[in-house]
Structures are given as structure tokens and as C-alpha cells.
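Report on one structure; see the data block that follows.
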Amino acid sequence: MIDLRQVRQDPEGARARLSRRLDASVGVMLDDILALDVQRRRILARVETLKAERNRATEEVARRKRAREPADDLLADLRASGDEVRALEGELREVELALDARVLEVPNLPAPECPDGDSSANAVIRTWGTPPTFAFAPRPHWELGEQLGILDLPRGAKLSGSGFPVFVGMGARLVRALENFMLDLHTQEHGYVEVSPPLLVNRASAQGTGQLPKFEEELYRVERDELYLLPTAEVPLTNLHRDEILDGAVLPIGYVASTPCFRREAGAHGKDTRGLIRVHQFDKVEIVRFVRPEEGAAEHARITSHAEAVLQRLGLPYRVLALAAGDIGFASACTLDLEVWAAGVGTWLEVSSASTFTDFQARRANIRYRPDPGAKPEFVHTLNASGLAFPRTIIALLENGQQADGSIQIPEALAPYLGTDRLVPRA
RNA sequence: GGCGUGGUGGCCGAGUGGUUUAAGGCAGCGGUCUUGAAAACCGCCGAACCGGCAACGGUUCCGUGAGUUCGAAUCUCACCCACGCCGCCA
């Protein structure tokens, strides 16, 4: 969440920075917050003064009791002031609840390096590799997948509904191969610690990373037990250190997890949802970093390079987009998207989003560190990136690797994991 | 699911209504001593919020939330979590 003190100190500065998100509602939020904050401090000052008086009188009562002197006159006064304190505390609680709820709705401040504008201002800052050319018309993955007998969308729909793909045979093995390949890369070469986290998380966790309260609609919810299915492993990985004070010497910390992700994708049906492009359940390898604030910018470049390494090893052409301030996610201060080229659908598909959240998630989840032994705790900076999301990686592998005979050439780096360098159509 | 026991600072742990501004220890920081280090000894040493330029002052916090009381770590209720036993179960 945003820093309330910073907002109070420089409301117009915060307003200007948030206005870059091009979201008209944040102005109203700030007005409400400033008003509630004034109200809160006014009540708080009165409560605390009353309590200070009461504490002094109470000590006097204790002294007299010990000395076996009468204290009835003081007790009568205290009874009255107790009622007043209780009433004021009730008022205070209401104001604080309203204030907290409002603060949780405010998105992060875009970073200076984040370009201005809406999504049309997203800028390609580099590209890697060359989209392959074909002597024939390249086909989309849903056709290839069916012909190869590795992807069964109709049966997925029968089991669960549209957007729940079934991978079969070498398709299922491809999922397993990608998981092992990516986990090995991040743990062995990038220094991440592998984690196998819970797939259901409580409300506090979903709030800590910023999924709640604003995006309740996007989450699958297990109402009976007040738990939510993960939309991304970012949630458990970041919340591992919720309400902790880390020793500064252990930073930076990096975690990697491969998990299923569940997204309701409310209202997203129709365009761009064909085949595996947008689904309700998919597997993803996620990397998360906890870093010192002064390392934030360098760490953003680092985590992005870790995600890029996956695409480079797979030989998949991609481009890096700097998202504009009007297009970055709720908790993000700056985001770089990696888009892989998919020859069959003839478009660039987002396979990773590398974000720095500055201290926004750390505030929400109360994740701090001690810069030096004995020093005051400060909020860490958190970052994450997909490394990578499987369905669109599979799309690119199938569509870019397709041959005239309908077989698929598998990249050298992945072949040992898959047990073959070629997928062939069913007879 | 049932019954029982417990939850205290970065960590361990004492504390059952009023000198608790939470004992003591460990870790950490500073110092004495030492060529240096260790040991020993001495001192400091939790977090959040409010006011203040600051020095400083004030309030709150003993799993969470309500309640009793002039006053709650301490008493009552509910909930959460951990552990143990029983039941059920992959």
C-alpha cells in the first residue's frame, strides 16, 4: 500500500504521480483518505490526552490502596472518564476501518522510469531472435495439438468447462519437461530456492500481494473455508515472509515455484481466448525476489534477464515491452512484459511480466528487514517475474517448431527433458 | 470431528488484577582489558502510532476480537494457530 505519511506530507505530489495511471477514481480516493486522516488524528489526540490523565489518576489509586488510604473520590471521576474514552474509541475505530479500507484500494505509485500514457504508449525496448519463416502456411497450435494427439480441449470442456485444457501423452510430458527445465535453470544458474507452496491461501495472503480487495472477481474462492485458489505463485512466495523482520545480511532472497494458477478471467471471453491463449487453469514457474530498496532498479533488470534466459535457451524469438504508467498492474511501480512470437496465430504473446513493486507489497504484507545489526527495520522491495507461463510457451514451441510434415522440432535445451527432439503426428 | 494442553519481544523463557516503564538469558550494538582476537566485566539494546524543526513528550501492543473493572499479559466469552490423545481418511 501507499505510504500514508508521504501522502499527508505531499498530497499534491502523490496526486500527480498517481494521475499517471489515468484512473479517475484515485483522485476521489485521495480526497477521502486525507479527510479521514485528519479526522483520525483529531480523535486520536483527544483519546490519548484522556488516557494520559486516566493513567495518572489510576496510579494515584494504586498508591493510595497500598497505603490503605481512601480513594472513592478519584474512582467516581474515573468511572465518568472511562465512559468518555470508550465512546471516543468507538468513533476512532470506525474512522480507522474506513481509512484502512480506502488505503488498500489505492494502487502503487508509478516509478519515474515508467513511460507516460496508456497501453498505446507501451514501448518495445529490445527484441531477441528472428521470427521463423515457412515455405507453407504455419498452422495454429490448436490444430497442431489435436493432430499430434497432445492437446484435448473438448474433453477439458467436458470435465470442467471452457478454458480447462487437457494435455495427453507427450503433451503431458511436455508440461513436465518444461517444469523441470525451468526449475533447473532458475535454481542451478540463477540461485533461486525452490519452493512447493500451498495452492490455497487465506485472505491476508491475497491482500498482502494486492489481489484483494480490488480483484475478488478474478479469484476462485473456496467459501466454506475462506480460502482462495492461487492466481499465481507470486502470492504464496511473497507472503512467505509476511509479518517478518529479515536480517539484512540474507538479502537478496530469491524463490522459485512451479504451480498451477487459477483465474476466473471474468468478462474476458471471446477475442484472443482461442486454444491455449487464455485459460482458467495453467501451470507457471514464478520467480520472486526480496531485495534492499537501493537495489530495486538493478534487481528489476536482473529478474527480467532471468525470465529472458528461459526464452533464449528455448530459442524462442521475443520482444521486451516497457509498459506505460496507464497500463501497469495495481501493485506494480514498473513492469516489463516479455512477448514471445507465435508463428501460427501470427502475433506476440505475453509469456512473462517482470515487475518491481517497490515497498508497496512489503507495506501491505509487513515485510521488513534490518539494514544493519541493531538498526531500525525498513520495508524491503519485492519483485517478481513469470519464468515462464506454460500455455503460451507451448503455443510458441508448437507453432514456431512446426515442420512441413506436421512434426514439431523441439529445442536442443528441452529435448533431454522431453526424451525426444521431435513430436510426430498420430498415424 | 471430539477431548486436553499451550500461544509473552529477533530467539528462549518468568510472570495469575495495581513499583510490569514485561524478570532473567541468548543474539546484537558500544566500551574496558588485549599486539590482535576470544573470554571476562560494564553499559545500551522491541515495534507501531500521535504531537514537535529538534531535544523530547504522549498513547498503544503479551495469538486475534469482544467483555468485566477505576485499572487486564493476568479474570470471562468467541475465534485462530500449534502440540498431544481418540475417531475418520489418501
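By convention in this document, chain letters (A, B, ...) are assigned in the order of the sequence lines, proteins followed by strands, and residues within each chain are numbered from 1.
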Around A/E294, counting heavy atoms of other residues, nucleotides and ligands shown, do more than 12 lie under 6.0 Å from its CD?
yes
Rounded to whole Å, how long is the line connecting atom CG of A/D225 with atom C1' of B/rG1?
14 Å
For B/rA14 and B/rU69, measure between their P atoms and round to the nearest Å.
32 Å
Distance between the C1' atoms of B/rA23 and B/rC77, in whole angstroms?
31 Å
Tell me, for nucleotides 45-69 of chain B in 5' to 3' order, what letter each nucleotide earns: B for a base near a protein heavy atom under 4.0 Å, S for only sugar-phosphate near one, - for neither?
--SSSSS------BBS-----S---
In a table with atom names and distances, give each donor-acceptor pair under 3.5 Å that connects a side chain of residues 244-255 of chain A to protein atoms at least two apart or in another chain.
{"from": "A/E244", "atom 1": "OE1", "to": "A/H241", "atom 2": "ND1", "distance (Å)": "2.8"}
{"from": "A/D247", "atom 1": "OD1", "to": "A/A249", "atom 2": "N", "distance (Å)": "3.0"}
{"from": "A/Y255", "atom 1": "OH", "to": "A/H241", "atom 2": "NE2", "distance (Å)": "2.8"}

Less than 6.0 Å separating the ring centroids of A/Y192 and A/H306?
yes
Rounded to the nearest angstrom, tell me the gap between atom CG in A/D243 and atom P in B/rC11.
12 Å
Are A/Y369 and A/F290 close enough that their ring centers fall under 6.0 Å?
no
To the nearest Å, give me how far apart CD (A/E84) and P (B/rC70) are.
16 Å
Using modelled atom types and a 3.5 Å cut-off, is there a donor and acceptor pairing between side-chain atoms of A/R263 and backbone atoms of A/P231?
yes
What integer number of Å spans the C1' atoms of B/rG24 and B/rC81?
28 Å
B/rA22 versus B/rG10 - spacing of their P atoms, nearest Å:
14 Å
Rounding to the closest angstrom, what is the interatomic distance between B/rC86 and B/rG9 at atom P?
32 Å
Between A/D10 (side chain) and A/G13 (backbone), is there a donor-acceptor pair under 3.5 Å?
yes
Do any N or O atoms from the side chain of A/T393 and from the backbone of A/A389 form a donor-acceptor pair under 3.5 angstrom?
yes
Distance between the C1' atoms of B/rA27 and B/rU20, in whole angstroms?
23 Å
Using a 3.5 Å distance criterion without hydrogens, assess whether the side chain of A/S19 forms a donor-acceptor pair with backbone atoms of A/A16.
yes
Say you pick atom C1' in B/rC88 and the same atom in B/rC80; how far apart are they, in whole Å?
23 Å
Stem segments of RNA chain B by first residue number [Watson-Crick or G-U, under 3.5 Å, at least 3]:
B:1-7 with B:80-86, B:10-12 with B:24-26, B:28-32 with B:40-44, B:46-51 with B:56-61, B:63-67 with B:75-79
N/O donor-acceptor pair under 3.5 Å between A/R102 side chain and A/L36 backbone:
no
Quote, to the nearest angstrom, the C1' distance that separates B/rA47 from B/rU5.
30 Å
